[in-house]
Amino acid sequence: MISARYNPKDVEERWYDEWESKGYFKSNPDDREAFSIVIPPPNVTGVLHMGHMLNNTIQDILIRKARQEGKNACWVPGTDHASIATEAKVVKMLREKGIKKSDLSREEFLNYAWQWKEEYGGIILKQLRKLGASCDWDRTAFTMDEVRSKAVYKAFVDLYRKNKLYRGNRMVNWDPEAKTVLSNEEVIFGLEQSKLYHVRYQIVGTEAYVTIATTRPETIPGDTAIAVHPDDERYAWLKGKKAIVPIINREIPIIFDDYVDREFGTGALKVTPAHDVNDHEIGKRHQLEIIDIFNPDGTMSDDATVYLGEDRFVVRKKFSKDLEEAGHIVNIEDYQNNVGRSERTNAVVEPRLSLQWYVDMGTLSDPALKAVMDDVVEFFPKSQKNIYRHWMENIKDWCISRQLWWGHRIPAWYFEDQVFVAETAKEAFKLAQKTFPTIQKEQLIQDEDVLDTWFSSWLWPISVFDGFEDKEVLNYYYPTSVLVTGWDIIFLWVARMVMAGYEWTGTFPFEKVYFTGMVRDKQRRKMSKQLGNSPDALQLIADYGADGVRFGMMSCSPAGGDLLFDEKLVEQGRNFCNKMWNALRLLKSWETENENPQSDKDRLAGQWMMSMIASTQEELVRDYKDFRLSEGLMKLYNLIWNEYCSWYLEMIKPQFGEKIHENTYQEAIDAFSQLCSILHPFMPFITEEIWHLLKDRSAGEDCIISTLKIEKQDNNDVQKYINTAKDIITSVREIRQKQAIKMKDELQLYILKTEGVDKLIALNGWEDIVKKLAILDDIIISDDLNINGISFISGTEKCMIQIHQELDIEGELISLQKDLDYQQGFVDSVTKKLSNERFVQNAKPEIVEKEQAKLADGQERIKILTEEIQRLQAQLKG
RNA sequence: GAGAUAUUAGCUCAGUUGGUUUAGAGCACUACCUUGACAGGGUAGGGGUCACUGGUUCGAGUCCAGUAUGUCUCACCA
């Protein structure tokens, strides 16, 4: 006996192992068409969260679909090394052991890091298996493994030689916590509550003051000028004067620059060229001194002369208090401003002047922009194209060096004032020898920094196939078919991959990009650790089954739209599994016979079911093409739950204790098998399990590779006729409920004889279906429906249910009148349209025909309703 | 500040070149239904002047303009 509830735990692990051991996930180039996806590599330190589940479920659906279609499906998994995040984790782990990073050599630190990576890294890849991800695990890549590292060095050197990569001294985004520079894309700006301090500076040689406004009083020790607008008459008298930096007592010039906004604050601006991007520009224009008052960790440096070694935010408080006591604070107001924080550490980013490596993006962007604008690389949803274009057209150079140890060490070596860039130290030395014939190996010093993690990720679609070395494999799988990722990394990753693609392969890296939405909670808040609103992904799988979770995620995630996660969704998925499971139990409980011929009813039901499957399948083709996966899934949900379980199985279900005809049984099994096939990409485990329990399968006859054959249907009339049957059945059931007639009581249905009704009755089995599901003992076709009963209209057919209790004629009249009013309104609107000459002239003929049909139908219903009302009124009087 | 995008049932969303019987689905809700697949269920039902104002058109949820509100991207004034 099969359990009354579906138990995903038993099933899922068993099938995953089976698929893997049969090698279904593996892919090697062959004659078939390739369908390839590269995974957006999760952080090697990461654990599975809701975003990963959504993203990877989608990829798995697409890959499984392609596999079923007979394509050579290849999904390449892997992880990235996440410089900042991983290094932070390792540092923390060492600190807990009592080891300081500063006490270790680079080599020692990296040993610890690799050890840590081997032990804890890549857990997420194991977790993806629980979700059902059918990746080709043999191809698992890591951005720092040998193949991927070689690609990184090759790319760096190549760009350098092509003059598309340079080293420059500029203002950068500094993360004082990670003590590294960040690219613009790694800084997240957000409005924060702060204070605007109005501080007065004394003018040298006078008792006069000038007041500036600043949010960062702690930077005052780094001031090297006060700037005002040249046309600002309020400050014209300051020409040639100097001001005294409060507390610090250093004299600084007053300068005139039209960058200054006269409307803001007091119209006077303190200039700190070392710690503000705009101030730095002003400083350059006026040849101002640059005083760097911060250490790399955000504490005050010796040049600050005050509060040495204390943190910038502590100093903000202390220094503003000093200013206040010294009488320099004019006032302090509450203020909201945009604060940039590090994406990885959340530390407030400190603008800082520093020497870094940059990629000259202007030289890479043109083909990448064009590809997306021309839909050579197609974006879903389309709206992302604008965002992409805007970024590409205003592209800034990419700062790729990071002051960390975990990552690809920059392949640049220095001697005296010369730089030698090469893929290996050996080659760099050879290069150096050409300029310095007597140079010794130890004299050549490699750059201390590593490269931005994204500098390896942007090569991912090429490097996972070892594409810099092996063109044959690359040419088979590349360009990949589709990239599935979040829109939050469109610049960090997607745009750069397109650029890298054109730079090194001459073509785009993927044909389509499907941007998933963010997973949020019911209240539309982002899922975050701080809020604690993110469910434990693995626990969800344990509680609801991977199929249930996949259903929950997919049923409600429109392309590009946010997924508002609610546990109700996965519950629905679990219930759906249970529904299918119980349909299986029902089938398995039937005994078959083939002594009698198959009934017309069952044959018709089977035809109808197959036709429904075929037309749903046709619709799904488009849903897949447009990535409307949630709609596709909901169609299948409806097809299985409503059409197959609620209608079809009820049609063919034998009476208690009776047997089912062998043919009918086989049809039911075949239909269910097909449903499993179609649903498999979405819910792989339960479909494979049911597929095998439905009937004995030969070796290798598995749902995961079952092909979907769409049989073009030519009997669409069957659907139409069954729809009428369903409509009549529903109406009868409704009358039953309203009249409180028991389900067991058999009723008689009268239908007014018309041509349409004759056709229905002529369809063998149609009548039996209606009788069975509406629980009727007879259907009577008659010219005269003057009986004691309740009428209803199906389409344009008048039907009546005979009742044996007294009819509430007045109640009936009210409801008939309501219906009549509705129909009258409907007919009026159609009539209005049709009596408009311009409509009849301008509209397409088939539209006009349709309107005429609408009118005729409406008029027919009005006729029926009017007659019925008259009949009842006559009864009431009589 | 510039640009994009959205606003349809209590909630989340469909509505694909303007005409598919005066708007559909899932969830939620209401009523009824307990022994033969399933209460993680069945049957039926209620619920929307398609944000607002104009315009184009024979015809607008669908196209255009404006308003309001929300979201996002980029750039920022210290």
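Letters go in sequence order (proteins before strands), and every chain restarts at 1. For clarity, every value in this text was computed on a predicted model and none was experimentally measured.
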Asker: I need the CG-C1' distance between A:D566 and B:rG10, as an integer number of Å.
Answerer: 14 Å
Asker: When you compare B:rU53 with B:rA68, how far apart are their C1' atoms, in angstrom units rounded to a whole number?
Answerer: 11 Å
Asker: Answer with base, sugar-phosphate or nothing: what part of the nucleic acid does A:T730 contact at a heavy-atom distance below 4.0 Å?
Answerer: sugar-phosphate
Asker: Please determine, for the side chain of A:R524, which listed nucleotide (B:rC72, B:rC13, B:rG26) has the closest atom?
Answerer: B:rC13
Asker: Looking at B:rA78, which nucleotide sits across from it as a Watson-Crick or G-U wobble partner, both distances under 3.5 angstrom, or is there none?
Answerer: none
Asker: Less than 3.5 Å between a donor and an acceptor, one on the side chain of A:R622 and one on the base of B:rU16, is that the case here?
Answerer: yes
Asker: Should the ring pair A:H275 and A:F294 be called parallel, tilted or perpendicular, given that the plane angle runs from 0 to 90° and is split at 30 and 60?
Answerer: perpendicular
Asker: What is the distance from CD of A:Q572 to P of B:rA28, rounded to the nearest Å?
Answerer: 7 Å
Asker: Counting primed atoms plus P, OP1 and OP2 as sugar-phosphate and everything else as base, spell out the protein contacts along nucleotides 36-42 of chain B at 4.0 Å heavy-atom distance: B, S or - for each nucleotide, 5' to 3'.
Answerer: BBB-BSS
Asker: Using atom types as modelled and distance alone, determine if a side-chain donor or acceptor of A:S646 lies under 3.5 Å from a backbone N or O of A:W641.
Answerer: yes
Asker: Can you tell me which nucleotide in B:rA78, B:rC72, B:rU12 comes closest to the side chain of A:V260?
Answerer: B:rA78
Asker: On a whole-Å scale, what distance lies between the C1' atoms belonging to B:rG18 and B:rA23?
Answerer: 15 Å
Asker: Looking for any heavy atom pair under 4.0 Å, which part of the strands does A:N337 touch: base, sugar-phosphate only, or nothing?
Answerer: sugar-phosphate
Asker: For A:S829, answer base if it contacts any base atom (sugar-phosphate contacts may also be present), sugar-phosphate if it contacts only those atoms, and nothing otherwise; contact means non-hydrogen atoms under 4.0 Å.
Answerer: nothing
Asker: Scan every strand shown for a Watson-Crick or G-U wobble partner of B:rC13, both distances under 3.5 Å, and answer none if you come up empty.
Answerer: B:rG24
Asker: Have a look at A:N386 and say if it touches a base, only the backbone sugar-phosphate, or nothing, with a 4.0 Å heavy-atom cut-off.
Answerer: sugar-phosphate
Asker: Flag this pair as yes if the NZ/CZ of A:R5 is under 6.0 angstrom from the six-membered ring centre of A:W581 and inside a 45 degree cone about the axis; otherwise no.
Answerer: no
Asker: Do A:Y637 and A:F551 have their ring centres less than 6.0 Å from each other?
Answerer: yes
Asker: Need to verify one output field. Residue with the more 5' nearest nucleotide on RNA chain B, A:A843 or A:M743?
Answerer: A:A843
Asker: What integer distance in Å separates A:K833:NZ from B:rU22:C1'?
Answerer: 9 Å
Asker: What is the ring orientation for A:F264 with A:Y335, classed by angle as parallel under 30°, tilted 30 to 60°, or perpendicular over 60°?
Answerer: perpendicular
Asker: With no angle test and no hydrogens, is the base of B:rU73 tied to the side chain of A:R389 by a donor-acceptor pair under 3.5 Å?
Answerer: no
Asker: Tell me yes or no: between the side chains of A:T219 and A:K270, is some donor less than 3.5 Å from an acceptor?
Answerer: yes
Asker: Whole Å only: how far is the CD1 atom of A:I282 from the P atom of B:rA78?
Answerer: 13 Å
Asker: Report which part of the nucleic acid A:K832 touches: base, sugar-phosphate, or nothing (heavy-atom distance under 4.0 Å, all strands).
Answerer: nothing
Asker: Less than 4.0 angstrom between a side-chain N/O of A:Y822 and OP1 or OP2 of B:rU21, yes or no?
Answerer: no
Asker: Under 4.0 Å from OP1 or OP2 of B:rA6: is there any side-chain N or O of A:S383 that close?
Answerer: no
Asker: Base, sugar-phosphate alone, or nothing: which one does A:L564 contact when heavy atoms must sit under 4.0 Å apart?
Answerer: sugar-phosphate
Asker: Between atom CG in A:L636 and atom P in B:rG26, what is the gap in whole Å?
Answerer: 14 Å
Asker: So, is the end of the A:K818 side chain (NZ or CZ) under 6.0 Å from the ring centre of A:Y822 and within 45° of the ring's axis?
Answerer: no
Asker: So, is A:K568 close to the B:rU12 phosphate, meaning a side-chain N or O under 4.0 Å from OP1 or OP2?
Answerer: no
Asker: How close do A:G517 and A:W487 get, counting heavy atoms only, and between which atoms?
Answerer: CA-NE1, 4.0 Å
Asker: What is the separation between atom CG on A:L834 and atom C1' on B:rC58, rounded to the nearest whole Å?
Answerer: 11 Å
Asker: What contact category does A:G825 fall into here, base, sugar-phosphate, or nothing, at under 4.0 angstrom with non-hydrogen atoms?
Answerer: base
Asker: For A:D232 and A:G267, work out which heavy atoms get closest and say how close.
Answerer: OD2-O, 4.4 Å
Asker: Using a cut-off of 4.0 Å on non-hydrogen atoms, how would the nucleic acid contact of A:R861 be classed: base, sugar-phosphate, or nothing?
Answerer: base
Asker: Check whether the ring centres of A:F380 and A:F515 lie less than 6.0 Å apart, and answer yes or no.
Answerer: no
Asker: How many Å lie between CG on A:L569 and C1' on B:rC27, as a whole number?
Answerer: 8 Å
Asker: Under 4.0 Å, heavy atoms only, any strand: does A:I847 hit a base, just the sugar-phosphate, or nothing?
Answerer: base
Asker: Both A:R733 and A:Q823 contact RNA chain B. Taking the nearest nucleotide for each, which residue is further toward the 5' end?
Answerer: A:Q823
Asker: With both distances kept under 3.5 Å, what pairs with B:rU62, Watson-Crick or G-U wobble?
Answerer: none
Asker: Can you check the distance between B:rG70 and B:rA51, where both ends of the measurement are the C1' atom (answer in whole Å)?
Answerer: 11 Å
Asker: Regarding A:H229 and A:D257, do their side chains bring together a donor and an acceptor under 3.5 Å, going by distance alone?
Answerer: no
Asker: Look at the side chain of A:N836 and decide which nucleotide, out of B:rC58, B:rA78, B:rA44, has an atom nearest to it.
Answerer: B:rC58
Asker: Could you state the CG-P distance from A:D276 to B:rA75, rounded to the nearest angstrom?
Answerer: 15 Å
Asker: Any strand counts, and the cut-off is 3.5 Å on both contacts for Watson-Crick or G-U wobble. Which nucleotide pairs with B:rG18?
Answerer: none
Asker: Between B:rC11 and B:rC52, how far is it from one P atom to the other, in whole Å?
Answerer: 15 Å
Asker: Check whether any side-chain nitrogen or oxygen of A:R736 sits under 4.0 Å from OP1 or OP2 of B:rA31, and answer yes or no.
Answerer: no
Asker: On a whole-Å scale, what distance lies between the C1' atoms belonging to B:rU62 and B:rC50?
Answerer: 10 Å
Asker: Could you tell me the Watson-Crick or G-U partner of B:rA39, where both distances fall under 3.5 Å? Say none if there is no partner.
Answerer: none
Asker: Below the 4.0 Å mark, does B:rG3 have OP1 or OP2 next to a side-chain nitrogen or oxygen of A:Y388?
Answerer: no
Asker: Rounding to the closest angstrom, what is the interatomic distance between B:rC63 and B:rU17 at atom C1'?
Answerer: 12 Å
Asker: Quantified in whole Å, what is the C1' atom distance between nucleotide B:rG48 and nucleotide B:rU22?
Answerer: 13 Å
Asker: In the strands shown, is B:rC72 matched to any nucleotide by a Watson-Crick or G-U wobble pair with both distances under 3.5 Å, and which?
Answerer: B:rG3
Asker: Sticking with atom P, work out how far B:rG26 lies from B:rU35, rounded to a whole angstrom.
Answerer: 26 Å
Asker: Under a 3.5 Å cut-off for both contacts, is B:rU56 paired Watson-Crick or G-U wobble with anything, and if yes, with which nucleotide?
Answerer: none
Asker: Across the strands shown, which category fits A:Y335 at heavy-atom distances under 4.0 angstrom: base, sugar-phosphate, nothing?
Answerer: sugar-phosphate
Asker: May I ask which nucleotide in the shown strands pairs with B:rC29, Watson-Crick or G-U wobble, both distances under 3.5 Å?
Answerer: B:rG45
Asker: For A:E658 and A:W590, which I'm curious about, is there any donor-acceptor pair between the side chains at under 3.5 Å?
Answerer: no
